[in-house]
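Quick notes on the structure that follows.
Residues: numbered from 1 along the sequence shown. Atoms within each ligand, like the ligands themselves, are counted from 1 in listed order. These numbers come from the heavy atoms of this one structure, side chains and all, not from hydrogens, waters or symmetry mates.
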Amino acid sequence: MKALVAIKRVVDYNVKVRANSDNSDVELANVKMSMNPFCEIAVEEAVRLKEKGVVSEIVTVSIGTQQSQEQLRTSLALGADRSILVQVDQPLEPLAVAKCLKAVCDDEKPDLILMGKQAIDGDNNQTGQMLASLLGCAQGTFASDVTVEDGKVAVTREIDGGLQTLSLSLPAVVTSDLRLNKPRYASLPNIMKSKSKPLATVNTDELGIDISPRTKQLGVEPPAQRQAGIMVGDVTQLVDKLKNEAKVIS
Ligand code: AMP
C-alpha cells in the first residue's frame, strides 16, 4: 500500500505572529518556519503504518517555494521514502493546493492520502475535503484513530459530544486531529540519511493546473489590546460596573 502525505511549511507554532508594516500580510522576514503540526501527525501516522507492515512506501508532497524542501527533508528524516515539491512562488488557496495534490495523486496513485485537518497559518480546514471531492474518493476528517484492514480504512472521528467511526473504501483521504498520535523526533542518523533520499521538483505548468486566485487578502490586523483587569469590592459594585461601564447588562 502506498501512502501519500501532504505537508505544509508554516510559521512555527511557538512564534507570536505579527502583521507587517503595511498590514498587508503576516510578517515572514526572519521568522522560524516549520512543518504544520497536523501534517507532522499525518507523517507520524504513515510511518507507524509502515512499521506495522501495512504501508510499503511513503511519499510526502509539499506545494510551496523552494524553502519547503526543508520540511520535506524533515519528513524524510522522520521515515518517508521520497518527496515531491510542487514549486510555486506565491501562496496558494486551498482549491489550488487541492488541484496540485490531485495531479500528483493521478500520477502516483496512492491508496491512502494523509493530511493535516488544518494548516495553522490560514486555518482553512478545506484542502483535504476539496481533494477528496476532486478525486471522487472517500474522506475521513478529524481522525483520532486510523486502522487499515481488509482493503478498508476505519477512521474514528472526534465530533461534537462523542466519537464516530467510519469505514472508508480505498483510495481515501484522511485528515489528522491532534490526538491521533504523538509525533517522534528525527534522530541524527536519520537526518543524515534523509539527505540522500529522492526529492523531485515539478512546477504547476508541468502539472497543467490553473492556480489563479479566486480571493484576495485585503489586510491583516492584530487583535485589540486587552485592558488591564480590576478587582471589585463586592457583588453590588460588580453589577454596577457591568451595567454602567461595560453596558453588558441592563
Ligand atoms: P488547510 O485546508 O489550508 O487548513 O490545510 C489542511 C491540510 O492540507 C494541511 O494540514 C496539509 O496537509 C494540506 N496542505 C495545505 N496547504 C498545503 C501546501 N501548500 N502543501 C502541502 N499540503 C498542504
Side-chain angles (χ1 to χ4, degrees), residues 3-13 17 25-26 28 33-47 58-76 78 80 82-105 107-108 110 112-135 137 139-144 146 155 157-158 171-181 183 199-204 207 209 211-215 217 220:
L4 185 140
V5 189
I7 61 176
K8 188 175 187 190
R9 173 184 168 90
V10 296
V11 173
D12 188 90
Y13 74 96
V17 289
D25 207 346
V26 167
L28 293 179
M33 305 293 283
S34 298
M35 191 189 305
N36 179 46
F38 292 107
C39 302
E40 273 187 59
I41 296 172
V43 171
E44 174 67 28
E45 197 61 19
V47 174
I58 303 171
V59 182
T60 51
V61 183
S62 192
I63 295 106
T65 59
Q66 212 182 352
Q67 285 105 310
S68 301
Q69 286 188 5
E70 289 167 19
Q71 283 63 44
L72 288 170
R73 286 279 169 220
T74 303
S75 73
L76 294 170
L78 290 168
R82 61 189 171 89
S83 294
I84 301 169
L85 169 67
V86 180
Q87 197 173 333
V88 287
D89 292 327
Q90 80 267 34
L92 296 188
E93 294 171 358
L95 180 60
V97 174
K99 285 184 193 171
C100 293
L101 292 172
K102 154 96 168 63
V104 173
C105 288
D107 198 33
E108 292 284 338
L112 184 61
I113 301 141
L114 289 159
M115 308 173 66
K117 72 165 179 181
Q118 174 177 341
I120 61 164
D121 52 359
D123 274 349
N124 291 309
N125 175 231
Q126 294 174 9
T127 313
Q129 294 87 328
M130 286 179 172
L131 176 62
S133 173
L134 292 175
L135 289 170
C137 74
Q139 62 174 287
T141 51
F142 309 103
S144 60
V146 173
V155 175
R157 312 179 57 232
E158 298 196 350
V173 172
V174 173
T175 72
S176 61
D177 212 328
L178 197 62
R179 276 166 288 276
L180 180 58
N181 60 49
L199 195 165
T201 302
V202 287
N203 63 44
T204 50
L207 296 177
I209 299 169
I211 53 162
S212 47
R214 268 78 173 163
T215 53
Q217 180 169 290
V220 297

*Salt bridge or not for D177 and R157, using N-O below 4.0 Å?*
no
*Between N36 (side chain) and V10 (backbone), is there a donor-acceptor pair under 3.5 Å?*
no
*Note the single closest protein heavy atom to atom 21 (C) of ligand 1, along with its residue, its atom name and the distance in Å.*
I7 O, 3.0 Å
*asked:* For atom 7 (C) of ligand 1, what is the closest protein heavy atom, and at what distance to 0.1 Å?
replied: G116 O, 3.2 Å
_C39 heavy atom under 4.0 Å from ligand 1_ = yes
*Identify the closest protein heavy atom to atom 14 (N) of ligand 1: which residue and atom is it, and at what distance?*
V97 CG1, 4.1 Å
*asked:* Looking only at protein heavy atoms, which one is nearest to atom 15 (C) of ligand 1, and what is the separation?
replied: T127 OG1, 3.7 Å
_Within the structure provided, determine whether V61 and I7 are in side-chain contact (heavy-atom separation under 4.5 Å)._
no
*Considering heavy atoms of the protein only, find what lies nearest to atom 16 (N) of ligand 1 and give residue, atom and distance to 0.1 Å.*
K8 CD, 3.3 Å
*A119 heavy atoms, cut-off 4.0 Å: which ligand 1 atoms fall inside?*
1 (P), 3 (O), 4 (O), 5 (O), 6 (C)
*Does I63 approach ligand 1 within less than 4.0 angstrom via side chain, backbone, both or neither, non-hydrogen atoms only?*
both
*Residue and atom name of the nearest protein heavy atom (relative to atom 12 (O) of ligand 1), distance in Å to one decimal*: A6 O, 2.8 Å
